[in-house]
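Each remark here refers to the structure printed beneath this line.
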Amino acid sequence: MNYKEKELIIFDLDGTLADSKAPLDNDMADLIIKLLEVKKVAVISGGMFTQFEKQFLSNLPVSTNLLKNLFLLPTTGTRMYAWKDSGIEKNSTELSAGWHEGYSENISPEDRKNIIKSIEEAWEESDYKLPEHIFGERIEDRESQVTFSALGQEAPLELKKAWDPDKSRRQTIVNILKEKLPHFDVSMGGSTSVDVTMRGVNKAYGVNRLRDFLNISLEKMLFVGDEVIPGGNDFSVKEDGVDCINVSGKGETMEIIKELL
Ligand SMILES: [Mg+2]
């Protein structure tokens, strides 16, 4: 793969740029800032924009003149946010602190209710025991996405990592949900989570919206993620024909960024 010809570098967040829901560390932040000086960068994650602010932006001491090169796609690419002078037109929603929404593909309230019910049924049918302790919400309605987190949104990382290390539990839930929700996309998200979005609205959808907004062909993009595997929430990007690198964690991602520089 010729890294030099890549114009847009797209990263997953959890498990790729940082540990699940953990803040971006300083070494990674330095590398991303250096990358923003020479390439456009996008981050696509299952979390909401508020999670991007907390986990990513607040730990990225970047000068504002570079932010026009950064594009944020929360909730698995079902929305996109751009910096005010990026050249991307905003849709109706105005956001504070210089960021605005480029698009949002929301699921109707009625469908969201139905998805929540299906997730509850899928858990029952999976025969997994309810965890002894739940940390925060288990099912979160994010408007453009409904997310199931087996141990709760706020569960400690160590517990999350131990819950489904071989991905078989999430895969079971994904398979049951796909049967129940044939008109939606279902994929594994973070270490304990499963995400439901509108059919065809996934990370690949976000990548294609970026292609149109930025006028950068898919060949000139590189995607780096830790779930570029069947059933994983990064896999749609590979299926779409974008050059993808599957990483085991942020250490490997840092090596890739150093090569890009
Ligand atoms: Mg990930």
Side-chain angles (χ1 to χ4, degrees), residues 1-13 16-17 24 28-106 142-145 197-198 200-225 234 236-237 240-244 253 256-257 260-261:
M1 194 186 306
N2 184 0
Y3 284 152
K4 286 239 155 61
E5 70 186 19
K6 300 299 182 190
E7 293 177 21
L8 171 65
I9 317 302
I10 309 164
F11 298 97
D12 164 57
L13 180 53
T16 301
L17 291 178
L24 197 69
M28 184 65 89
D30 282 349
L31 285 170
I32 293 169
I33 291 167
K34 288 201 180 96
L35 191 59
L36 281 167
E37 288 169 5
V38 293
K39 308 272 187 195
K40 291 195 189 308
V41 173
V43 182
I44 311 186
S45 167
M48 293 191 287
F49 186 74
T50 49
Q51 181 66 27
F52 272 70
E53 286 182 301
K54 193 166 74 177
Q55 185 176 0
F56 182 78
L57 287 174
S58 67
N59 298 296
L60 189 73
V62 59
S63 63
T64 50
N65 66 325
L66 289 178
L67 286 175
K68 63 177 183 299
N69 289 335
L70 179 63
F71 304 88
L72 303 176
L73 292 87
T75 44
T76 326
T78 61
R79 299 157 188 258
M80 194 260 284
Y81 295 99
W83 187 246
K84 55 191 173 190
D85 58 3
S86 64
I88 287 181
E89 243 175 80
K90 59 171 170 256
N91 69 3
S92 56
T93 315
E94 185 89 45
L95 265 174
S96 59
W99 292 93
H100 66 249
E101 197 178 88
Y103 71 85
S104 179
E105 299 292 353
N106 289 343
R142 299 174 178 174
E143 290 188 344
S144 55
Q145 173 178 302
T197 58
M198 299 241 282
V201 183
N202 48 28
K203 291 199 180 190
Y205 177 86
V207 167
N208 281 283
R209 294 297 297 257
L210 283 171
R211 176 198 62 199
D212 297 343
F213 276 123
L214 302 175
N215 212 6
I216 294 175
S217 68
L218 298 185
E219 295 78 54
K220 295 201 166 150
M221 299 179 184
L222 173 67
F223 181 91
V224 182
D234 298 326
S236 62
V237 183
D240 215 40
V242 175
D243 280 333
C244 288
T253 306
I256 293 165
I257 299 176
L260 284 161
L261 297 169

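With values rounded to the nearest 0.5 angstrom, W99 atom CH2 is found 11.5 Å from Y81 atom OH. The CD1 atom of I257 sits 10.5 Å away from atom CG of D30, with the distance rounded to the nearest 0.5 Å. We find the CG-OG1 distance between N106 and T78 to be 7.5 Å, quoted to the nearest 0.5 Å. The NZ atom of K203 lies 10.5 Å from the SG atom of C244; values are rounded to the nearest 0.5 Å. Atom CD1 of residue I88 and atom CG of residue L210 lie 7.0 Å apart, to the nearest 0.5 angstrom.
Nearest heavy atoms, D12 versus G225: CB-CA, 3.8 Å. Taking all atoms of both residues into account, the shortest heavy-atom contact from L8 to A42 is CD1-N, 4.0 Å. A pairwise comparison of heavy atoms in F52 and L73 identifies CZ-O, 3.7 Å as the closest pair. P74 and M48 make their closest contact through CB-C, 3.8 Å (heavy atoms, listed as atom of the first residue, atom of the second, distance). Smallest separation of non-hydrogen atoms from Y3 and K39: O-NZ, 3.5 Å. Closest of all the heavy-atom pairs between G98 and W83 is O-CE3, 3.5 Å.
K40 places no side-chain N or O within donor-acceptor distance of the main-chain N or O of L70, the cut-off being under 3.5 Å. Listed for the N202 side chain is a donor-acceptor partner under 3.5 Å among the backbone atoms of A204. Of the possible polar contacts, one joining the T253 side chain to the T16 backbone as a donor-acceptor pair under 3.5 Å is found.
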Can you list, pair by pair, the side-chain donor-acceptor contacts under 3.5 Å of residues 214-222, counting residues two or more places apart and other chains?
residue	atom	partner	partner atom	Å
S217	OG	E219	OE1	3.4

Output a table of donor-acceptor pairs, distance under 3.5 Å, between side-chain atoms of residues 56-66 and any protein atom two or more places apart or on a different chain; print 'none' if there are none.
residue	atom	partner	partner atom	Å
S58	OG	E53	O	3.1
S58	OG	K54	O	2.8
N59	ND2	K54	O	3.4
N59	ND2	Q55	O	2.9
S63	OG	N65	OD1	2.5

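In this pair, F213 and Y103 present their aromatic rings parallel. The plane angle is below 30°, not in the 30 to 60° band.
Among residues at least two apart or in separate chains, salt bridge (Lys or Arg N to Asp or Glu O under 4.0 Å) pairs with a member in residues 60-82 are R79-E101, R79-E143.
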Do V43 and L17 pass the side chain to side chain contact (heavy atoms under 4.5 Å, CB included) test, and can you show the C-alpha distance, the side-chain angles, and the key distance before you say yes or no?
CA-CA 9 Å; V43 182; L17 291 178; 4.0 Å; yes
Residue pair K34, V38: steps toward the side chain to side chain contact (heavy atoms under 4.5 Å, CB included) verdict:
CA-CA 7 Å; K34 288 201 180 96; V38 293; over 6 Å; no
Just do the side chain to side chain contact (heavy atoms under 4.5 Å, CB included) check on L72 and I44 with the steps written out, would you?
CA-CA 6 Å; L72 303 176; I44 311 186; over 6 Å; no
Check against side chain to side chain contact (heavy atoms under 4.5 Å, CB included), F71 and V41
CA-CA 6 Å; F71 304 88; V41 173; over 6 Å; no
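Using modelled atom types, one finds a donor on one side chain and an acceptor on the other under 3.5 Å when comparing T75 with S144. With 3.5 Å as the limit, one finds a donor-acceptor pair spanning the side chains of T76 and Q145.
Dense packing is recorded around CD of E5, with more than 12 heavy atoms of other residues, nucleotides or ligands lying under 6.0 Å away.
Listed by chain and number, the residues in a salt bridge (Lys or Arg N to Asp or Glu O under 4.0 Å) with R211 amount to none (sequence neighbours excluded). In terms of the salt bridge (Lys or Arg N to Asp or Glu O under 4.0 Å) criterion, residue partners of K6 (sequence neighbours excluded) are, by chain and number, D243. Among residues two or more places apart in sequence or in another chain, the salt bridge (Lys or Arg N to Asp or Glu O under 4.0 Å) test is passed with R142 by E140.
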